[in-house]
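Residue numbers run from 1 in the order of the sequence given. Remember, it's a predicted structure, so these values are computed and weren't measured experimentally.
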Amino acid sequence: MPTRRPAILARPVPVSPIPLLGRGLVAVAARLQAGPMCHTNESRPPAAPNAGAVEHAAPIELTAADGTVFGAYAAVPAAPNGRNVVILPDVRGVHAYYRALAERFAEAGLGAVAVDYYGRTAGAGARGDDFDWPAHLPLVRPDEVTLDVRAAMSYLDKANPGATFTVGFCFGGGLSWRLAASDLDLAGAIGFYGRPEQVTDVLDRLHRPLLLLLAGDDAATPQSDFRALAGHLTAAGAEHELHTYEGAPHSFFDRSSAEWSAACDDAWRRVLDFTERNGSHA
């Protein structure tokens, strides 16, 4: 088995020396540590339209190809529609919001697995509100996230066969877009308010359809960065759809955000439409 990094980190690790893939991801880690939280501890995802039943939902442990055992949360629909999602959370890993989101996707007919980023540094335990994510975030490597997503896809292939997409939020949103440049057999990649700098070094390798759902008043990322990303995607010939919810704050996709309930409904519609169109010919 490959050598693994320490299971527990006693204190935050400096960002600068960590060999993440590309300088942009080092900057992402630093900005996320200093910036606003994505979803609060009380946040929960909005309900999907025409929600059905969930056949099964529970925490699971998966094993990546490098031997790492990591935590995840799986939900299987009672009435599957032939599509799946691997959920890439924000910086806190698989906390309550993403466990609930996996169930919301299952209610919409999609199999879902939310993956945790920190199995290599914090073990496969649950991520509570007190999880010290700043100590572990700088050690997250995109190539290892790819291994974990591959393991989640393998689980879904058995539990709910069908086309698989990634969907991520904030830090996970950028990672989701980035995976469109990987060798994973994805039908597409979806990101809510992701970080543009997470994909700038792989623009010429993007070969899966992208859906970008952006907050028009995102305190975490300037709109000029999103406009620049859109221009780069177009110039690179990357297949993509982009929608900005004008005035919406970062992490608007929250059932408690009554002001943005219409935006949440529209985002669900776009996600489900994107997966239906691209899943049918995956």
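In this structure, T234 and H240 have side chains that are in contact, with non-hydrogen atoms separated by less than 4.5 Å. Counting only heavy atoms from C-beta outward, the side chains of W177 and T166 never approach each other to under 4.5 Å. Side-chain contact between S176 and L179 is absent, with no heavy-atom pair separated by less than 4.5 Å. Residues V167 and L211 fail the side-chain proximity criterion, which asks for heavy atoms closer than 4.5 Å. Looking at heavy atoms from C-beta onward, F192 lies in side-chain contact with V271 at the 4.5 angstrom threshold. Put simply, the side chain of V86 reaches to within 4.5 Å of the side chain of M153, judged on heavy atoms. With a 4.5 Å cut-off on side-chain heavy atoms, F165 and N84 do not count as touching. Using a 4.5 Å heavy-atom threshold, the side chains of L233 and L212 count as touching.
Grouping the Ile, Leu, Val, Met, Phe, Trp and Tyr side chains by contacts below 4.5 angstrom, directly or via other members, places V54 apart from V85. V199 and L210 fall within the same hydrophobic cluster, where Ile, Leu, Val, Met, Phe, Trp and Tyr residues are linked whenever their side-chain heavy atoms come under 4.5 Å apart, directly or through other members. Under a hydrophobic-cluster definition in which Ile, Leu, Val, Met, Phe, Trp and Tyr are linked whenever side-chain heavy atoms come within less than 4.5 Å, directly or via other members, L175 and Y118 are assigned to the same cluster. Cluster annotation: W268 is connected to F169 through the hydrophobic network of ILVMFWY side chains, with a link wherever side-chain heavy atoms come within less than 4.5 Å. Both L186 and V113 are assigned to one and the same hydrophobic cluster, defined by single-linkage of ILVMFWY side chains at heavy-atom distances under 4.5 Å.
With 3.5 Å as the limit, one finds a donor-acceptor pair spanning the side chains of D266 and Y245. Remark: the Y73 side chain and the E103 side chain contain an N/O donor-acceptor pair separated by less than 3.5 Å.
Residue L242 holds its CG atom at 9.5 Å from CZ of R270, rounded to the nearest 0.5 Å. Atoms SG and CG, from C170 and L88 in turn, are 12.0 Å apart once rounded to the nearest 0.5 Å. In this structure, CD on E276 lies 5.0 Å from CZ on R83, to the nearest 0.5 angstrom.
Side-chain atoms of T146 come within 3.5 Å of backbone atoms of P142 as a donor-acceptor pair (strictly under, hydrogens ignored). In this structure, D148 contributes its side chain and V115 its backbone to no donor-acceptor pair below 3.5 Å. A distance-only check finds a donor-acceptor pair linking the side chain of R195 to the backbone of A220 [under 3.5 Å]. Of the possible polar contacts, one joining the D116 side chain to the V94 backbone as a donor-acceptor pair under 3.5 Å is found. No donor-acceptor pair under 3.5 Å is formed between the side chain of D225 and the backbone N or O of T221.
When every heavy atom of R99 is checked against every heavy atom of R127, the shortest pair comes out as NH1-O, 4.2 Å. Closest heavy-atom contact between A215 and A248: CB-O, 3.3 Å. Between A124 and G71, the closest heavy-atom pair is CB-N, 3.8 Å. Nearest heavy atom pair, residue R44 against residue A100, reads CD-CB, 4.2 Å. Heavy atoms only, all atoms of each residue included: H136 and T121 are closest at ND1-OG1, 2.8 Å. Taking each heavy atom of A112 and I87 in turn, the nearest pair found is CB-CD1, 4.3 Å.
Residue Y117 forms a ring pair (Phe, Tyr, Trp, His ring centres under 6.0 Å) with just one option from Y98, W133, F171, F70, and that option is F171. Looking at L184, L62, V145 one by one, the single match for side-chain contact (heavy atoms from CB on, under 4.5 Å) with R150 turns out to be L184.
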Fill in: D66 and R120: CA distance, side-chain angles, deciding distance, side-chain contact (heavy atoms from CB on, under 4.5 Å) verdict
CA-CA 10 Å; D66 64 354; R120 292 170 182 81; 3.0 Å; yes
Item to complete: Mind running side-chain contact (heavy atoms from CB on, under 4.5 Å) on I60 and Y155 for me, showing each step along the way?
Response: CA-CA 10 Å; I60 60 172; Y155 174 91; 3.9 Å; yes
Worksheet entry | Verdict with reasoning, T68 to E144, per side-chain contact (heavy atoms from CB on, under 4.5 Å) | CA-CA 9 Å; T68 298; E144 293 174 338; over 6 Å; no
Practice prompt. With side-chain contact (heavy atoms from CB on, under 4.5 Å) as the test, would you mind laying out the steps for N81 and T275 before giving the verdict?
Written response: CA-CA 10 Å; N81 60 18; T275 60; over 6 Å; no
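Ring pair F252/Y193 is perpendicular by interplanar angle, where above 60° counts as perpendicular and below 30° as parallel. By the 30° and 60° cut-offs, the orientation of the rings of Y97 relative to H95 is tilted.
Enclosure of atom CG in D183 by more than 12 non-hydrogen atoms of other residues, nucleotides or ligands within 6.0 angstrom is indicated.
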